[in-house]
Amino acid sequence: MLLPEGLTYEQAAPLFCAGYTAYAGLRAADPRPGETVAVVGIGGLGHLAVQYAKASGFRTIAVTQSTDKETPISDLGADEIVRDGRALAAVGGADVVLGTSRSMSAQSDAMQGLRPEGRMVIMGLGSAPLEVSAGQLIMKRARIVGSQHNGREYLYQVLDFAARGKVTAVTESYDLAEAAAVRERLLEGAVRFRAVLVM
């Protein structure tokens with residue numbers, strides 16, 4: 001596949017997985033004009049999900065407990081930053097919640113901020129089960145959607161957003177010889193936000 005003009009391999013690499021996943025999840029929620037999108041978990045997926053939601057014209061809220069991520073995610077377009085589902089509800093809630101965190105408890109908690117007829121899209125995969133309140137689902141008439149890549153057309157759109165400067169993958173680049181050290185950084189959660197190996 002040819003990259004759009006002006007898009008480097010280092011920028012494109014994270015988009016073929018994380019960007020593709022994040023944008024396909026947003027599209028799976030079928031957001032409507034004027035709706036609010038919240039992103040739970042500001043990491044490799046989440047920092048891109050915030051940008052895709054904002055670039056698509058939605059009020060965008062980041063949900064994170066990591067205070068060190070507030071400035072970078074604000075710089076990437078988040079309109080507001082909150083700590084949890086209760087705080088999300090306090091600022092008016094969201095019509096769409098994109099769950100990009102590996103913490104299933106964080107994704108479950110964020111459902112407190114889901115508006116009536118809201119959609120929760122699960123993209124982050126953790127080892128714990130996703131706990132869901134049947135009462136919340138029933139009373140809010142909410143939906144839970146699982147999502148991965150979902151369609152090749154979304155990949156083309158993802159790359160186009162980046163080529164037009166609407167979305168930027170925040171990366172750390174390393175030589176291939178450093179792969180073992182990069183793996184350790186990934187396991188420690190020290191990479192901000194995506195690692196790219198350059199050959």
Q) Under a 4.0 Å N-O cut-off, is there an ion pair linking K54 with D79? A) yes
Q: With side-chain contact (heavy atoms from CB on, under 4.5 Å) as the test, would you mind laying out the steps for Q112 and D84 before giving the verdict?
A: CA-CA 9 Å; Q112 295 179 71; D84 54 25; 5.9 Å; no
Q. Where do Q107 and V121 come nearest, in terms of heavy atoms and distance?
A. OE1-O, 4.5 Å
Q | Test side-chain contact (heavy atoms from CB on, under 4.5 Å) applied to V37 and V50, L98, D95, the passing residue | A | L98
Q: Verify the neighbour count for atom CD of E131: are there more than 12 heavy atoms of other residues, nucleotides or ligands below 6.0 Å?
A: no
Q.
Any side-chain to backbone donor/acceptor pair from S101 onto G99? Under 3.5 Å, distance only.
A. no
Q) Do the side chains of R194 and E172 get nearer than 4.5 Å, heavy atoms only? A) no
(Q) Rounded at 0.5 Å granularity, tell me how far CD1 in I42 sits from CG in L48. (A) 10.0 Å
Q | Sidechain-backbone polar pair: R86 side chain, G113 backbone, donor-acceptor under 3.5 Å | A | no
Q) Within a strict 4.5 Å, meaning less than it, do heavy atoms of the Q11 and T168 side chains meet? A) yes
Q. I122 and L130: side-chain contact (heavy atoms from CB on, under 4.5 Å), yes or no, with the steps?
A. CA-CA 9 Å; I122 307 296; L130 177 70; 3.8 Å; yes
Q) What's the shortest heavy-atom distance between P129 and M104, and which atoms? A) O-CB, 3.7 Å
Q. Backbone N or O of A29 within a donor-acceptor pair of the R119 side chain at under 3.5 Å?
A. yes
Q.
Under a 4.0 Å threshold between the charged nitrogen and the carboxylate oxygen, would R59 count as salt-bridged to E35?
A. no
Q. So, is the end of the R152 side chain (NZ or CZ) under 6.0 Å from the ring centre of Y154 and within 45° of the ring's axis?
A. no
Q: Please answer: with hydrophobic residues joined when any side-chain heavy atoms are less than 4.5 Å apart, are M111 and I61 in the same cluster?
A: yes
Q: Evaluate whether atom CZ of R164 has more than 12 neighbouring non-hydrogen atoms of other residues, nucleotides or ligands under 6.0 angstrom away.
A: yes
(Q) For a 4.5 angstrom cut-off between non-hydrogen side-chain atoms, does V198 reach E10? (A) yes
Q. Thinking salt bridges, do R143 and E117 make one under a 4.0 Å N-O criterion?
A. no
Q: Answer yes or no: is there an ion pair linking K166 with D160, defined by an N-O contact shorter than 4.0 Å?
A: no
Q) Would you find more than 12 non-hydrogen atoms of other residues, nucleotides or ligands less than 6.0 Å from R183 atom CZ? A) no
(Q) I'd like to know if L76 and V39 are part of one continuous hydrophobic network [Ile/Leu/Val/Met/Phe/Trp/Tyr, side-chain heavy atoms within less than 4.5 Å]. (A) yes
Q. Is there a side-chain contact between K69 and I81, using heavy atoms and a 4.5 Å cut-off?
A. no
Q. Got a sec: does the CZ of R27 have more than 12 other heavy atoms crowding it under 6.0 Å?
A. yes
Q. Where is the tightest heavy-atom contact between Y52 and G19, given as atom of each residue plus distance?
A. CE1-O, 3.7 Å
**Q.** Geometric class of the F161/Y23 ring pair [parallel <30°, tilted 30-60°, perpendicular >60°]
**A.** perpendicular
**Q.** Joint hydrophobic cluster, F193 plus V167, side-chain heavy atoms closer than 4.5 Å
**A.** yes
**Q.** Separation of L15 CG from Q157 CD (nearest 0.5 Å)
**A.** 13.0 Å
Q) Is it true that a side-chain atom of D175 and a backbone atom of E178 form a donor plus acceptor pair closer than 3.5 Å? A) no
Q.
Using side-chain heavy atoms (C-beta onward) and a distance below 4.5 Å, is T21 in contact with S147?
A. no
Q: Output yes when a side-chain donor or acceptor of S66 lies under 3.5 Å from a complementary backbone atom of D68, and no otherwise.
A: no
Q: Can you see which heavy atom on G85 is nearest to which on D109, and at what distance?
A: N-OD2, 2.7 Å
Q.
I need the E70 CD to Q65 CD distance, nearest 0.5 Å.
A. 11.5 Å
Q. In terms of hydrophobic clusters joined by side-chain contacts under 4.5 Å, are V63 and L114 together?
A. yes
(Q) Could you measure the distance from the CG atom of L88 to the CD atom of E80? Nearest 0.5 Å is fine. (A) 9.0 Å
**Q.** Within 6.0 Å of CG in L125, more than 12 heavy atoms from elsewhere
**A.** no
(Q) Are Y9 and V170 connected into the same hydrophobic cluster when the rule is that any two of I, L, V, M, F, W, Y join if their side-chain heavy atoms are below 4.5 Å apart? (A) yes
Q. What pair of heavy atoms forms the shortest contact from T100 to A49, and how long is it?
A. CG2-CB, 4.2 Å
Q | Close side-chain approach of L7 to L159, heavy-atom, < 4.5 Å | A | yes
Q: Using atom types as modelled and distance alone, determine if a side-chain donor or acceptor of Q136 lies under 3.5 Å from a backbone N or O of V132.
A: no
Q: Heavy atoms only: give me the nearest Y20-F16 pair and the separation to one decimal.
A: CD2-O, 3.6 Å
